[in-house]
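Numbers here simply count residues along the sequence, with the first being 1.
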Amino acid sequence: MKKIISTISFLTLIVLVIATSCKKTETSSINNNTNNELTSNEQVIFNKLLSFNNKIKHGIRDAEPMTLDSAEWYLESYYNVADARTEDPYKNKRKDTTYYTLPLNAEGMVEFADMNSMYNEMLADLDSLEVLIADPSIFPVYGMLDLISSNSSSASFMLTTGFGSNFNGNYEPFNEDDDWHWGDMKGKCDGSYMWENDGGQELKRRLNNPYFQWAGPGSFINAITKNVYYYMYPDVNNENPEPNVDYMIYYEESTINKPLPCLENDEMTYYLNMAHDIIYTYVNQYLPNTNLHGQRPTGKAFIDFDIWTPSGTNNGTYWWEHQYFINYGTRINLQLPD
């Protein structure tokens, strides 16, 4: 795992980018990628970074304040490009969240000095997380910076950092003994793993480890979350092994309370396959043999998958459910000079 040196300021990083890019321009190469190796989208992003560098090349005193949206984009993008770049296929291992406050000036704009301070905090927290994890095989693979709230004087942010490790292979299959309760950490249908695991978590573990799906070297930026619910994907081809479920995502109703609904291994396999199609099919394309669109935004790659497994009652009817939360991001292969 690479060591993050939190004492290097955001300004120092920018100055290094300026100095290196100016020097390399003389040889028609502004970074480790030549212009010909950058996609059109990467070139636009790189030009934005260079434009930002030019605005602050005379130092903090001469840097113009920027809007909150712009500050958020640059903080998140630099964090990903500089600190969460991945070169090989990886397996999602864990997520951690950290929180920050960014001051705003009297005009509601962000001063560069405050951006610099927040970026240093992000790096320091990343360094602390790596020490806490204490596993050299685990490294940061993405960062999602979300604005929580803002007022006339400050903005509050939450940073979610995903960590992973390298691996190769395919989805782990559901075997004959992989019969799991629907959720709520109720374990296997045979009573084992109670309060340790459930069917939703087993789907999550596999979907976050798609060995065959690799977005290529680079970093994620502009991350978004797609919330997906059962009613969006009816079982139009009547393929679900459970006759009481009419959807590609688990949702079951009953007038009889079943405290521990069981998803047998063939059902788990069905939901895994359907979730895969939902995740990787683009929003302007149909899932195989259906008229239902996928969730993947155009130009974005899959980051990771999360699941919620609620249950409840409604007018005497009991229900159990899976809800999906799929994170996507724009994948860019852009390396900043050291």
Next item on the list: Might you confirm whether atom CH2 of Trp308 has over 12 heavy atoms from other residues, nucleotides or ligands at distances under 6.0 Å?
Entry: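 No, because the 6.0 Å sphere around CH2 of Trp308 holds 12 heavy atoms or fewer from other groups.
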Margin query: Can you confirm whether Tyr193 is buried at OH, in the sense that more than 12 heavy atoms of other residues, nucleotides or ligands lie under 6.0 Å from that atom?
Written below: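 Counting neighbours around OH of Tyr193, 12 or fewer heavy atoms of other residues, nucleotides or ligands fall under 6.0 Å, so no.
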Nearest 0.5 Å, please: how far is [atom2] in [Y] from [atom1] in [X]?
X      : Y      : atom1 : atom2 : value
Tyr328 : Asp304 : OH    : CG    : 11.0 Å
Gln285 : His293 : CD    : NE2   : 9.0 Å
Met144 : Thr225 : CE    : OG1   : 4.0 Å
Glu267 : Glu252 : CD    : CD    : 8.0 Å
Asn284 : Thr298 : CG    : OG1   : 4.5 Å
Ser128 : Glu121 : OG    : CD    : 11.5 Å

Checklist line | Pair Arg296-Ile279, side chain to side chain contact (heavy atoms under 4.5 Å, CB included): steps then yes or no | finding: CA-CA 6 Å; Arg296 183 178 178 182; Ile279 289 170; over 6 Å; no
Look only at the side chain of [X] and the backbone of [Y], and say whether a donor-acceptor pair between them is shorter than 3.5 Å.
X      : Y      : result
Lys300 : Asn222 : yes
Ser117 : Ala113 : yes
Asn116 : Phe112 : no
Glu42  : Asn333 : yes
Thr281 : Gly294 : no
Asp198 : His181 : no
Asn265 : Phe174 : no

Contact check, side chains of [X] and [Y], non-hydrogen atoms, under 4.5 Å:
X      : Y      : result
Phe46  : Ile332 : no
Leu207 : Leu272 : yes
Asp178 : Met268 : no
Trp180 : Leu203 : no
Ser311 : Asp184 : no
Lys95  : Asp306 : yes
Asp96  : Thr98  : no
Phe163 : Asp135 : no

Note to self: Going by ring pair (Phe, Tyr, Trp, His ring centres under 6.0 Å), name the residues that satisfy it together with Tyr324, two or more places apart in sequence or in a different chain.
What the structure shows: Phe305
What's the shortest heavy-atom distance between [X] and [Y], and which atoms?
X      : Y      : result
Tyr100 : Met122 : OH-CA, 3.4 Å
Pro241 : Asp266 : CB-OD2, 3.5 Å
Ala223 : Ile303 : CB-CD1, 4.0 Å
Gly200 : Thr309 : CA-CG2, 4.1 Å
Lys93  : Ser165 : CD-OG, 3.5 Å
Ala71  : Leu102 : CB-CD2, 4.4 Å

Note to self: Evaluate Thr67 against Asp69 for side chain to side chain donor-acceptor pair (under 3.5 Å), listing each step before the verdict.
What the structure shows: CA-CA 5 Å; Thr67 65; Asp69 287 346; 5.6 Å; no
Check: So, His322 versus Tyr251, ring centres under 6.0 angstrom or not?
Finding: no
Linking I/L/V/M/F/W/Y whenever their side-chain heavy atoms sit closer than 4.5 Å, directly or via other members, would [X] and [Y] fall into one cluster?
X      : Y      : value
Leu287 : Val236 : yes
Met158 : Phe325 : no
Ile307 : Leu260 : no
Tyr229 : Met274 : yes
Met115 : Met109 : no

Side-chain donor-acceptor pair under 3.5 Å between [X] and [Y], yes or no?
X      : Y      : value
Thr317 : Asn315 : no
Asn197 : Glu202 : yes
Ser192 : Asp190 : yes
Thr86  : Arg331 : yes
Asn92  : Arg205 : no
Tyr142 : Asn327 : no

Checklist line | Residue pairs passing the side-chain hydrogen bond (donor to acceptor under 3.5 Å, both in side chains) test where at least one lies in residues 235-244, sequence neighbours excluded | finding: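 Qualifying pairs, neighbours excluded: Asp235-Tyr270, Asn240-Tyr271, Glu242-Asn244.
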Note to self: Angle between ring planes, Tyr280 versus His276, binned at 30° and 60°: parallel, tilted or perpendicular?
What the structure shows: tilted
Next item on the list: Start with the C-alpha distance between Phe139 and Ile133, add both sets of side-chain angles, then the distance that settles side chain to side chain contact (heavy atoms under 4.5 Å, CB included), and finish with yes or no.
Entry: CA-CA 9 Å; Phe139 46 83; Ile133 294 170; over 6 Å; no
Next item on the list: Applying side chain to side chain contact (heavy atoms under 4.5 Å, CB included), run through Lys186 and Met194 and close with a yes or a no.
Entry: CA-CA 5 Å; Lys186 296 297 187 180; Met194 178 71 78; 4.0 Å; yes
Checklist line | Stepwise side chain to side chain contact (heavy atoms under 4.5 Å, CB included) test for Val245 and Tyr250 | finding: CA-CA 7 Å; Val245 179; Tyr250 176 70; 4.0 Å; yes
